[in-house]
Amino acid sequence: MFKRISALMLAGLTAMSMAACGSGGSTSANTDGGGDSTITMGFSQVGAESGWRTANTKSVQDAAKNAGITLKFSDAQQKQENQIKAIRSYIQQKVDVIAFSPVVESGWDTVLKEAQNAKIPVILTDRAVDSKDTSLYKTFLGSDFVEEGRKAGKWLVEEYKDSTDPVKIVELQGTTGSAPANDRKAGFQEIIQPESKFQIIASQTGDFTRAKGKEVMEAFLKSHPDIDVLYAHNDDMGLGAIEAIEGAGKVPGKDIKIITVDAVKDGMQALADGKINYIVECSPLLGPQLMDLAKKVVKGEQVQARVVTEETTFTQEQAKQVLSTRQY
Ligand code: AHR
């Protein structure tokens, strides 16, 4: 609504606008008076599948509060249809801006077109969509998942640089069809492919959850007694897999080397304990940048089409050094 209200009408309409936006399901509203309280954001979160996701939700909710943005929040429980319903409901409620982290990459054009027709700007956060029409959203804020996969692959190549024996790798993929699963797989493969000694002997989704990571790793261990390396697309699946590896009488980090992505506290603890060998960071702390972008797009200001999060990697030694100050 903000951008449709002229400067002259703004003062008179603010109270009405707040009443309309503030009703029906806001989970967080600013009351500190420090921000632009005329903005209402509808946010559709993927779910609560991982430690990363919990930290991301907190970051978005805290940042909305600090920025004075009224947040309508919904959890899609890893289902695309729930996200589409939430977005349609935000359109009906005439929110000022919609932000969402798409559970999968495909199938968004229709609902994004509906938002565009309703003149509600959309921000993609964390994950991308594969829509050809990039005018359907204003910007995409999040990690470079392909680069994360490359970083994982580079560590592996370095770790085995003196070995000529085959290196048998199993892969726990994230949610099927999601950008991080597609891209982390592609980036990793790009780096290891030139060397034929690296062989991915099994690759399956673990849905980014600890429980599924454990279940799939148990199956991998039964059918492949000779696994050298596990590449898990997030810490949670890696942590579930560690339980499976220990259950099978093997030592995680030694008998089977483990690379994961995220660097949440539990993952960093396992890295410091020697159970994981290397973690590629993926930052969930996107809230403050998201709120800044939201304010700009609602005002009709130009924003960068792509905002990439800054991230690093951690060895076991580095994890020991930073563990006590890790925020999430
Ligand atoms: O989209 C980011 C990914 O989603 C995180 O790496 C994973 O933990 C989460 O579920």
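Indexing begins at 1, ligand by ligand and atom by atom, following the structure's order.
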What residues, two or more places apart in sequence or in another chain, satisfy salt bridge (Lys or Arg N to Asp or Glu O under 4.0 Å) together with Asp236? Arg210

For ligand 1, which of its N or O atoms have a protein N or O partner closer than 3.5 Å, and how long is each gap?
residue: ligand 1; atom: 1 (O); partner: Arg53; partner atom: NH2; Å: 3.3
residue: ligand 1; atom: 1 (O); partner: Asp126; partner atom: OD1; Å: 2.8
residue: ligand 1; atom: 1 (O); partner: Asp126; partner atom: OD2; Å: 3.0
residue: ligand 1; atom: 1 (O); partner: Arg127; partner atom: NE; Å: 2.8
residue: ligand 1; atom: 1 (O); partner: Arg127; partner atom: NH2; Å: 3.4
residue: ligand 1; atom: 4 (O); partner: Arg53; partner atom: NH2; Å: 3.0
residue: ligand 1; atom: 4 (O); partner: Arg127; partner atom: NH2; Å: 2.9
residue: ligand 1; atom: 6 (O); partner: Arg184; partner atom: NH1; Å: 2.9
residue: ligand 1; atom: 6 (O); partner: Arg184; partner atom: NH2; Å: 3.1
residue: ligand 1; atom: 6 (O); partner: Asp262; partner atom: OD1; Å: 2.6
residue: ligand 1; atom: 8 (O); partner: Ser50; partner atom: OG; Å: 3.2
residue: ligand 1; atom: 8 (O); partner: Asn234; partner atom: ND2; Å: 2.9
residue: ligand 1; atom: 8 (O); partner: Asp262; partner atom: OD2; Å: 2.7
residue: ligand 1; atom: 10 (O); partner: Glu49; partner atom: OE2; Å: 2.4
residue: ligand 1; atom: 10 (O); partner: Ser50; partner atom: OG; Å: 3.1

Contacts of Glu311 that satisfy salt bridge (Lys or Arg N to Asp or Glu O under 4.0 Å) - sequence neighbours left out: none

Check side-chain hydrogen bond (donor to acceptor under 3.5 Å, both in side chains) between Asp292 and all other residues, then give those that pass, not counting sequence neighbours. none

For Thr313 and Tyr278, which I'm curious about, is there any donor-acceptor pair between the side chains at under 3.5 Å? yes

Thinking salt bridges, do Lys299 and Asp96 make one under a 4.0 Å N-O criterion? no

With a 4.0 Å cut-off on N to O distance, would you call Lys275 and Glu246 a salt bridge? yes

